2 protein chains.
Amino acid sequence: MGQRPTILDVAKKAGVSKSTVSLVLQQSASVKESTRVAVRQAMADIGYVYNRSAATLRSSSSGLIGLVINDLRNPFFAEFATSFQMELAQNGFATVLANTDEDPLLQSRTISSLIEHGVSGFVISPAYGQEEDTLAVIEAAGVPTLQVFRALSQDDDRFPFVAPDYKLGGTCATEHLLEMGCKRIAFLGGLNGRAVTQERMSGYLDVLARHRQEPVILTGEVTRRFGKQMVAKLAADHPDVDGVICFNDLVGLGVLSACVESGIQVGRDLRVVGFDDIQDCQDSFPALSSVSCHIPDFAKTTAAQILSWINDGVRPNDHQRSEVELAIRASSGQP
Amino acid sequence: MGQRPTILDVAKKAGVSKSTVSLVLQQSASVKESTRVAVRQAMADIGYVYNRSAATLRSSSSGLIGLVINDLRNPFFAEFATSFQMELAQNGFATVLANTDEDPLLQSRTISSLIEHGVSGFVISPAYGQEEDTLAVIEAAGVPTLQVFRALSQDDDRFPFVAPDYKLGGTCATEHLLEMGCKRIAFLGGLNGRAVTQERMSGYLDVLARHRQEPVILTGEVTRRFGKQMVAKLAADHPDVDGVICFNDLVGLGVLSACVESGIQVGRDLRVVGFDDIQDCQDSFPALSSVSCHIPDFAKTTAAQILSWINDGVRPNDHQRSEVELAIRASSGQP
DNA sequence: CCGCATTTTTGGAACGTTCCAAACGTGGAC
DNA sequence: GTCCACGTTTGGAACGTTCCAAAAATGCGG
């Protein structure tokens, strides 16, 4: 017995059959308490470790969930991934986390690899491009899949999609800035034509239209750097702008640092609101107002949904929007 | 054949035996080119997908590597995890990423779970506490394991350990500040008594001793918040401090934002150096000087080492230090 | 103490690969 | 034409679980 012990060894030690051991492993209710204890004891005695590959092979269910993320370096996704992973761990599932770096090719390779590993489900914040390939592969495999934050297929309903209510976020942020007295509000960042950008922007546009303000829109990357650059551009091209809604917090934080650099008083000369409410928002100077998506809650909900799909076959609703809430801080601050 | 096709189906379709198909799957050199092509074609035709659980069961090697990280929300680790994961993907391995949130109990549970899944190796930046339990479990399983950034077992050599040369980093940073003319340099952050803190600090202490400067040490958390708080404390208790070495970039960025807030001119009144060189350093204001650990390279090396241990049985050296380099930016800037 | 319902336990057959020793086929040397 | 070596291919036996139908044990009313 130089090998690792198997359930057979456990069975022998405990004086029962392997089937009984298996039942114990599966927490079956139909095994008598006393034998359960005996079996557990035997396991501890001989140092048994469960072999999930064998179980997976036989039962075709792996206890593995693939989390495929387009940009893990973005703190927003990192925070989500962390919460999600810990939530799943609580439920006995392990998370295989993969970053696709916005590369659709890498994405479909990754997905194929995860399918080979027999993941029981996917949660995916997809990279754009090659939509058909990606979706087809998953569909062929028949693995429960939840799209989060972004949807590859806006129209068709192949996979349920859950995201924060971006539009409402845009609305809140814009209304807030108006209330603070802004006369001219710009929207910064976000790739043009992407659904997420359009949604966040549409909340902004609606509110402006209602208040008969002309929009100022500068779409682009979603990085700190871009935020910094746009401050100069605004100063040059749109000196009357006194409020900005940023596509996300990274852009917002970039704006903040550029303002500090060029002596613009954030919260007075220029009011800034970000999006996502990552943790950095609280520690920047000035602290960044932001549309909070309640990341940990969102992760919890997502985890619950994919689990109940896997375990109980309950497919989540196709389009879901989670609540958002504006976290007001100094960057949009003094009246 | 409502089921997924297996190698048997492929074999039938291609007119060969299942063994041959298996050989093709394993890229064996001993299969003739023409049959290889035929088999591949057959696979494509019937939509075969490889079942790794079966392979794992038989060959007891899963192509899965566990990456266990103590704090994924810290951008430094997120950057590392991302690079590492993508590097492994290149080599056909999938990464199971788990965050332990500095919780040793969660850590040992996580590790056990990953062992059940049959991970072929671990790369672990451990949470402190319960050292013996954690190490014993891994050791019993006999899984190749590389400790990175931190070591649970300083003394014994149960698992190889690789980390940036923290001490050298501390030395470089301190010398740099001296060269810039600082008369009094403080060290901020890092939990007291932890090896990493001591190493970073010892480089600092050595240099100060050589220049007969008295150290000012304020250990504590490794967060932005702590950095902010310490600026006030320094101003109150140590008004003569004109340079700070921060335990890591988070502390450094916190210092920066507090300085901006209270009107301290960073780079002139106070020179600041961080540690890790996360991406945010380049986009803060002012840009934060930092000791770079070359994260992507480090990840690459780590990946290579764990892979060659797994594939070729080459156990890496027990204690390794990777190069560090000071990235000089505006925060330590003007002479 | 028997019969019957119910609770527990059980042996054998999967699951889809890889491994191994042996068989096959082909071509060159004699 | 025979033999051997070498490059390919092959069937059967694992690997460690879960599933299933059926057997064994138990409890209970009469």
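Reckoned from all heavy atoms, side chains included, excluding hydrogens, waters and symmetry mates. Residue numbers begin at 1 in each chain, while the letters A, B, ... track the order of the sequences. These numbers were taken from a predicted model, which means no experiment stands behind them.
Taking side-chain N and O atoms only, Q26(A) has a distance below 4.0 Å to OP1 or OP2 of dC19(D). Contact between the side-chain N/O atoms of T35(B) and the OP1/OP2 oxygens of dT9(D) is found at a separation under 4.0 Å. Side-chain N/O atoms of S30(A) include none lying less than 4.0 angstrom from OP1 or OP2 on dT8(C). Look at T6(A) and you won't find any side-chain N or O under 4.0 angstrom from OP1 or OP2 of dG16(D). Listed pair S19(B) / dT9(D) fails the phosphate criterion, with no side-chain N or O lying under 4.0 Å from OP1 or OP2.
Distance, N51(A) CG to dC15(D) P: 12 Å, rounded to whole Å. Between L23(B) atom CG and dT17(C) atom C1' there is a gap of 12 Å when expressed in whole angstrom units. As rounded to whole Å, 14 Å separates atom P of dG16(D) from atom CG of L25(A). The CZ-C1' distance, from R36(B) to dT8(D), rounds to 15 Å in whole Å. At whole-Å resolution of the value, CZ in R52(A) and P in dT17(C) are 21 Å apart. Atom C1' of nucleotide dT17(C) and atom CZ of R4(B) are separated by 14 Å, given to the nearest angstrom. Between the NE2 atom of H117(A) and the P atom of dG16(C) there is a distance of 18 Å, rounded to whole Å. What separates NZ of K12(A) from C1' of dG16(D) is a distance of 14 Å, to the nearest Å.
Judged purely by distance below 3.5 Å, without hydrogens or angles, the side chains of S53(B) and S53(A) never pair a donor atom with an acceptor atom.
When each of R73(B), R150(B), R194(B) is tested with E102(B) by the rule salt bridge (charged side-chain N to carboxylate O under 4.0 Å, His left out), just one qualifies, namely R150(B).
S22(B) comes within 4.0 angstrom of a base, heavy atoms only.
For K18(A) against dG12(C), a side-chain-to-base donor-acceptor contact under 3.5 Å is present. Counting atom types as modelled, R58(A) pairs no side-chain N or O with a base atom of dT17(D) as donor and acceptor under 3.5 Å.
Summary of the strand contacts: G15(B) and L57(B) both lie near DNA chain D, and taking for each the nucleotide with the nearest heavy atom, the more 5' one is attributed to G15(B). A residue-by-residue look at K32(B) and I7(A) shows that K32(B) has its nearest nucleotide of DNA chain D further toward the 5' end.
In this pair, F149(B) and F80(B) present their aromatic rings perpendicular. The plane angle is above 60°, beyond the 30 to 60° band.
Within the 4.5 Å cutoff, the side chain of F161(B) has no heavy atoms near those of the V148(B) side chain.
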| request: Show your working on side chain to side chain contact (heavy atoms under 4.5 Å, CB included) between F159(B) and E139(B) and close with a plain yes or no. | output: CA-CA 9 Å; F159(B) 300 111; E139(B) 207 175 15; 4.2 Å; yes

